[in-house]
Amino acid sequence: MLKAIKFRSSNGQLEVLDQLLLPHTMSYIKISTVEDGWNVINKMQVRGAPCIAIVGALSLAVEIWNEEVADKKIFLSEIEGKLNYLISARPTAVNMKKESQNLMEFATSLCNDSECDPSDMKKKFIDQIIQMLEKDIADNKAIGKYGSEAIMATCKGSSQSVNLLTHCNTGSLATAGYGTALGVVRAMQESGKLNRIYMTETRPYNQGSRLTAFEMVHEKFSATLICDSSVAYLFQKKHIKAVVVGADRVAVNGDTANKIGTYQIACLAQHHGVDFYVCAPFSSIDPSISSGDQIIIEERPEREMTYVNGVRIAAQGIEVWNPAFDITPASLIKGIITEKGVYEPKDLKDCFAQS
Ligand SMILES: CSC[C@H]1O[C@H](OP(=O)(O)O)[C@H](O)[C@@H]1O
């Protein structure tokens, strides 16, 4: 499986795959500081909500790896500033913000623990970050399991295999490995339930044609690439059982921010009676927002839309609007597939009411 992140816990060496160069070139970038981490996230050399959080946190771990910590309170204040800086790299995905909150709660508890000396605090803090890698992969495999069961539960014959559609990239290049929506695709492949995975190109960054297609070819899946504009005709001409997409931020009512183009696919899925699932770990759900209209939608530079590989494809002088995400209303979503199970959008709020 392709690896977006290479981290050696023996010596704190971190490298990330430069996804702007895929599929033609596999090149890893060394990350030594939070500034390096911020830059690769902001430039989208690294992308995907879970991957952003893990690379951001690991960039902090490697920056402080050899630091001598003398005062716990000063150290706590230092890491808070660095985490807030990392959150600013991209505004829509919530994972970096939530993991920062979790890390700050953990660091504060260490700071307040009189039994924990400064060097212990640093070591335990770094170990907490390193655990994110394995937890993400475990979460994704659980998402895959629950998603596969949910999709097959609505099939008549147990021997049936189905066609799925996905948008953008939610696989090993968007996470620590296995993937969220692509994790469901992998789980169905593993259980013999996948006939074919269709994927959209996902203009303008082309996560589908450059990344998802790369992952699927690399692992020899039966996979077909389509233009973003072919989705309606695909639903008309091919039997698509379900759409599985990722998420950058899910509001507590189930409204979901995801890659631009997701909303129109959800509208078409409803029109054609195709089940539409969002696949995301709980770290992508934001309990602080009640609906999707509170989610900030990042707008990317116009050059990312008007040029391909350095060649201008749009008329000079045309004005451009390039939102990187849109909001799919909960009413269009059949289920939100998480590592804890599958939830109807209306039931999501109860998960947070208890906590
Ligand atoms: C599991 S990745 C979630 C999400 O992130 C992608 O956005 P980007 O490539 O801009 O980071 C896309 O929206 C995926 O669905």
Does NZ or CZ of [X] come closer than 6.0 Å to the centre of the six-membered ring of [Y], within 45° of the ring's axis?
X: R210; Y: Y205; result: yes
X: K334; Y: F276; result: no
X: K124; Y: F106; result: no

Is it true that [X] and [Y] make a salt bridge, defined as a side-chain N closer than 4.0 Å to a carboxylate O?
X: E298; Y: R300; value: yes
X: E67; Y: K122; value: no
X: E190; Y: R186; value: no

Contact summary for T180 and P281, nearest pair of heavy atoms: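 Shortest heavy-atom separation between T180 and P281 comes out as CG2-CD, 3.9 Å.
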
In terms of hydrophobic clustering (I, L, V, M, F, W, Y; side-chain heavy atoms under 4.5 Å; direct or indirect links), are L21 and V217 co-clustered?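 No; tracing contacts between hydrophobic side chains, which count when under 4.5 Å, never links both residues.
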
Is there a path of hydrophobic side-chain contacts, each under 4.5 Å between heavy atoms of I, L, V, M, F, W or Y residues, that connects I87 with I79?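 Same hydrophobic cluster.
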
For the residue pair [X] and [Y], confirm or rule out a side-chain donor-acceptor distance under 3.5 Å.
X: K6; Y: Q13; answer: no
X: S27; Y: T25; answer: no
X: N206; Y: E201; answer: no
X: N258; Y: R249; answer: no

Mutual orientation of the aromatic rings belonging to Y343 and F282 [parallel < 30°, tilted 30-60°, perpendicular > 60°]: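 Taking F282 first and then Y343, their aromatic rings stand perpendicular (interplane angle over 60°).
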
Less than 4.5 Å apart, side chain to side chain, heavy atoms only: is that true for V94 and D248?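 V94 vs D248: side chains apart.
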
side-chain hydrogen bond (donor to acceptor under 3.5 Å, both in side chains) between Q294 and S290, worked out: CA-CA 8 Å; Q294 298 164 39; S290 55; 2.6 Å; yes

